[in-house]
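Okay, structure first, notes after.
All figures in this text were calculated on a predicted structure; none of them were measured in a lab.
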Amino acid sequence: MFKLSLIFVAALGQFELAQASYYYSGNKCDHSPTYDTRSICRGGRTLPRDRVRNSSDKRLECTGNVDNYIRLPQKELSFFEWADNVKYDRKEAYTKKRQIPLITHAGTVPYQTVEVWEYEECETVTSSFECGSHLDEECHQVDDYDKEGKRTGSHQECHMVSHANTCDIDVTHTTSLDCSYETMKYSWEFVRPTEVEWNLDSEGYVDAIPNKYDLLPGEVEAVQTYNNGTRSRVMSPHLAIGDAWNEYNLKDVKLTSGSTECLQDANLGIHARIITVKRDRTKATPNAFRLPIDWEGNAMEALLWQADKNDEGLDVAKAIPWKLRLDDTSGAMISLMAAQSRENAAREQVKYEEGENHNPADQKADTESKKDKAFWKNTQVRVRLFEDPSYWWEVHWNDLHTNDGEAIVPNLHMLSNNEETQVSDLWEIVIYNPTEPDKNIFDDGYLKPKRKYKLKVSMYQRGVGLYKQSCEDDPEAGWWSCGWPIKQLGWGRNEKHYFSKDLEINFTAPENYDKRGGWDKYNPRDWFDYMFSGFE
C-alpha cells in the first residue's frame with residue numbers, strides 16, 4: 001500500500017493547498033491458466049485465446065431481420081363490369097369481388113446465428129464496492145469578513161472525505177462471433193370474412209371494400225414479416241403492416257416446422273393469418289396522382305412552359321412554368337363511391353319511411369349506423385412551391401388550391417387498352433396566368449436563373465368518410481380537434497391532417513431568363529448561390 005499526497009484544488013477563484021490520498025488495495029484477479037476453448041458452432045473451431053479467460057455462458061443467439069411485401073389494390077376484376085353491378089345489382093357486385101383470388105404470399109427471412117459468451121479480463125479499477133474506501137482530511141481556505149462586508153483575512157477549514165480505493169479485479173465482457181446463415185420460411189394470407197361477418201348490411205360496409213381488407217387507388221401497405229425483433233436466444237416470429245389502411249389482428253401466427261429456439265439448421269417455418277378488424281378512418285387521403293401518360297401509354301410532360309423574350313430580346317422556349325399535368329388514378333372510383341353514397345342514403349331513407357323496423361327509436365339508430373353519408377365528388381388539390389437553394393435549406397414560397405371542377409380536362413384515356421388509364425382523370429393545373437395574378441403560384445420573373453425548384457402536390461378527397469376530413473366537413477370532430485377556441489386560434493385539425501403525402505415535381509429555372517426586380521436580382525445571397533450553382 002502506498003500513499004500520494006499534496007494535490008492542488010481550485011476554490012473561489014484561488015489555488016489553495018489541500019491534502020488527499022490514493023490507496024491501492026491489492027490484486028484480486030484470478031490468475032488460473034487459460035486453455036483452448038472449443039466453439040459450440042458446427043465445424044469445431046477454437047475461440048480466440050485472448051477472449052476466453054474464465055469464459056462462461058456460451059450460447060447461440062439469432063439476429064433479427066424482416067422481409068417486406070408491398071401490397072397494392074387488386075385488379076383481377078374489370079372495374080367497368082363491377083361498377084355496372086354496383087349501380088344495378090349490389091349483391092352481384094359484392095359476390096364478384098369476393099370471388100377474386102385471396103391475397104397470399106410466401107417467402108423467406110434470412111438471419112444469422114451468432115455464438116455469444118462472457119469472459120474476464122484483469123483490469124485496474126477505482127471502486128469503493130470492489131476495492132473498499134478510506135478517509136482523508138481535506139482542507140481549504142475560507143475568507144473572513146467584518147460586519148461591513150470587508151475582507152479581513154482567511155482561515156483554513158478541514159473535514160474528512162471518503163475516497164474509493166484502487167485495485168485489480170476480473171471484469172466481465174461479452175463478445176461474439178458469427179456462426180452460420182439460416183432462413184425462416186413463411187407464408188401468410190389475408191382472411192376473407194364470411195358473408196355473415198361482412199355483408200351489405202354490416203356496419204361500416206362500403207361497396208368499394210367488399211372483402212373488408214380491400215385497398216383503394218393510391219393506398220399502399222407494406223406487409224413486414226419478422227423472424228425476430230432483435231438478437232436473442234429465442235426467436236419471436238411476427239408480422240407488422242406499415243402504413244396500414246385498416247386495423248388488423250396480426251396475432252394468429254403458427255409454427256409450421258422447426259423450433260423458435262435459436263439453433264443451427266433449425267428449419268424454422270411459420271404461417272400467419274391476417275384478420276381485418278375495421279377500416280382506419282383516421283388516416284389522411286392517399287395520394288393517387290402519378291406522372292401523366294397518354295392513351296397509348298406514352299409518358300407526357302408533367303410541366304408545360306410558356307415562351308417569352310429575355311432582357312436581350314432573345315426567345316426563350318421554356319421561360320415560365322405554365323401548367324402542371326398529372327393523372328388521378330382514383331377518379332373513377334371516387335366518382336362511383338360518391339354516386340353510390342347518394343343512392344344508398346336514398347335507399348335507407350325509404351326503409352325508414354316504410355317502417356321496416358317497427359320501433360321508431362331503434363329504427364332511426366339502425367338507419368343512422370348503416371347508411372353511407374351522401375356526398376359529391378369534390379377532390380381538392382394543393383400545390384406548394386419550394387425553392388431549393390444550393391447552400392441553404394429548402395424554402396417554402398407559395399400555395400395554390402384547386403379542385404376537379406377547375407382542373408380536370410377532357411382526354412382520350414377512354415380509348416386506352418389499359419383499364420387503369422381508362423379510369424384515370426387527367427388534371428391540368430394552371431400555376432401561371434398573367435391575366436389572374438392572384439391565382440399564380442409565383443409572379444412572372446419570380447424564378448431565379450439556374451435555381452432548382454420543386455412543386456409538392458397533394459390531394460384531399462372531400463366528403464369521403466373513409467378518410468380524415470376537415471373540420472368543415474366532419475360534424476363529429478371532437479372539441480380538441482375542431483372546437484372553439486381551438487380552431488379559431490389556429491390549433492387542432494389543419495391541412496396536414498387530411499391532405500395526402502406529397503408527390504414532388506422537380507425542375508430548374510432557365511439560365512438565360514431573369515425578369516426579377518433590381519433588389520431581388522442583386523440580393524447578395526442569391527448572387528452567391530447563382531455564381532456557385534455550377535459546383536453542386
With sequence neighbours excluded, tell me which residues meet side chain to side chain contact (heavy atoms under 4.5 Å, CB included) with L304. E301, W322, K323, R325
Are side-chain heavy atoms of [X] and [Y] found at a separation under 4.5 Å?
X    : Y    : value
K454 : E394 : yes
I505 : L326 : yes
P449 : E511 : no
T402 : K439 : no
K96  : N85  : yes

Restricting to non-hydrogen atoms, name the atom on [X] and the atom on [Y] that form the minimum distance, rounded to 0.1 Å.
X    : Y    : answer
R451 : Y453 : O-CD1, 3.4 Å
A345 : A374 : CB-CB, 3.9 Å
P286 : E219 : CG-CG, 3.7 Å
Y111 : L268 : OH-CB, 4.5 Å
V316 : P510 : CG1-CB, 4.4 Å
P101 : E76  : CD-CG, 3.8 Å

To the nearest 0.5 angstrom, please state how far the [atom1] atom of [X] sits from the [atom2] atom of [Y].
X    : Y    : atom1 : atom2 : value
L455 : N398 : CG    : CG    : 11.0 Å
C482 : K487 : SG    : NZ    : 6.0 Å
D425 : S335 : CG    : OG    : 6.0 Å
D404 : D328 : CG    : CG    : 8.5 Å
R382 : K496 : CZ    : NZ    : 11.0 Å
T282 : H497 : OG1   : NE2   : 11.0 Å

Under 3.5 Å: donor-acceptor pair, side chain of [X], backbone of [Y]:
X    : Y    : answer
R384 : S458 : no
N310 : L314 : yes
Q469 : Y467 : yes
N378 : G405 : no
D502 : E504 : no
D327 : I293 : yes
R98  : N211 : no
N228 : G64  : no
N440 : N433 : yes
T108 : T183 : no

Angle class for the F499/Y460 ring planes (parallel below 30°, perpendicular above 60°, tilted otherwise)? tilted
For the residue pair Y226 and H238, categorise the inter-ring angle as parallel (less than 30°), tilted (30 to 60°) or perpendicular (more than 60°). parallel
N344 vs S341, side chain to side chain donor-acceptor pair (under 3.5 Å): CA-CA, chis, key distance, verdict: CA-CA 5 Å; N344 292 346; S341 75; over 6 Å; no
Should T379 and Q461 be marked as a side chain to side chain donor-acceptor pair (under 3.5 Å) after you check the CA-CA gap, both sets of side-chain angles, and the distance that decides it? CA-CA 5 Å; T379 305; Q461 300 292 10; 2.7 Å; yes
For this output row, return yes or no: ring centroids of Y205 and W198 closer than 6.0 angstrom. yes
is_close_aromatic(F289, W427), centroid dist under 6.0 Å: yes
Using salt bridge (charged side-chain N to carboxylate O under 4.0 Å, His left out), reason through D388 and K452 one step at a time and then give a plain yes or no. CA-CA 5 Å; D388 191 13; K452 292 182 178 179; over 6 Å; no
Who passes side chain to side chain donor-acceptor pair (under 3.5 Å) against [X], sequence neighbours left out?
X    : result
N512 : none
E92  : none
N249 : none
H105 : Y186

Test salt bridge (charged side-chain N to carboxylate O under 4.0 Å, His left out) applied to K212 and D214, step by step: CA-CA 6 Å; K212 203 172 185 179; D214 306 89; over 6 Å; no
[Y] versus [X], side-chain donor and acceptor atoms under 3.5 Å:
X    : Y    : result
S180 : T113 : yes
S481 : R493 : yes
S416 : N418 : no

Whether over 12 other heavy atoms sit under 6.0 Å from N417 CG: no
Are more than 12 heavy atoms, taken from residues, nucleotides or ligands other than W479, located less than 6.0 Å from that residue's CH2 atom? yes
Do W188 and Y69 pass the ring pair (Phe, Tyr, Trp, His ring centres under 6.0 Å) test, and can you show the C-alpha distance, the side-chain angles, and the key distance before you say yes or no? CA-CA 11 Å; W188 50 251; Y69 173 88; 5.2 Å; yes
Cation over ring face, K456 and F386, 6.0 Å, 45°: yes
Do R71's NZ or CZ and the ring of F190 fall within the cation-pi criteria of under 6.0 Å and 45°? yes
Residue pairs, two or more places apart or on separate chains, that pass salt bridge (charged side-chain N to carboxylate O under 4.0 Å, His left out) and touch residues 184-199: K91-E195
Check the pair S187 / H271 against side chain to side chain donor-acceptor pair (under 3.5 Å), numbers first and verdict last. CA-CA 5 Å; S187 60; H271 179 74; 2.7 Å; yes
Output, in order, the C-alpha distance, side-chain angles, deciding distance and verdict of side chain to side chain donor-acceptor pair (under 3.5 Å) for E221 and Y248. CA-CA 12 Å; E221 291 181 339; Y248 297 106; 2.9 Å; yes
I'd like to know whether E247 forms a salt bridge (charged side-chain N to carboxylate O under 4.0 Å, His left out) with R279, so could you lay out the CA-CA distance, the side-chain angles of the two residues, the decisive distance to 0.1 Å, and finally the verdict. CA-CA 6 Å; E247 293 182 21; R279 179 76 182 189; over 6 Å; no
Could you go through the salt bridge (charged side-chain N to carboxylate O under 4.0 Å, His left out) check for D311 and K515 one step at a time? CA-CA 8 Å; D311 289 343; K515 293 287 188 177; 3.7 Å; yes
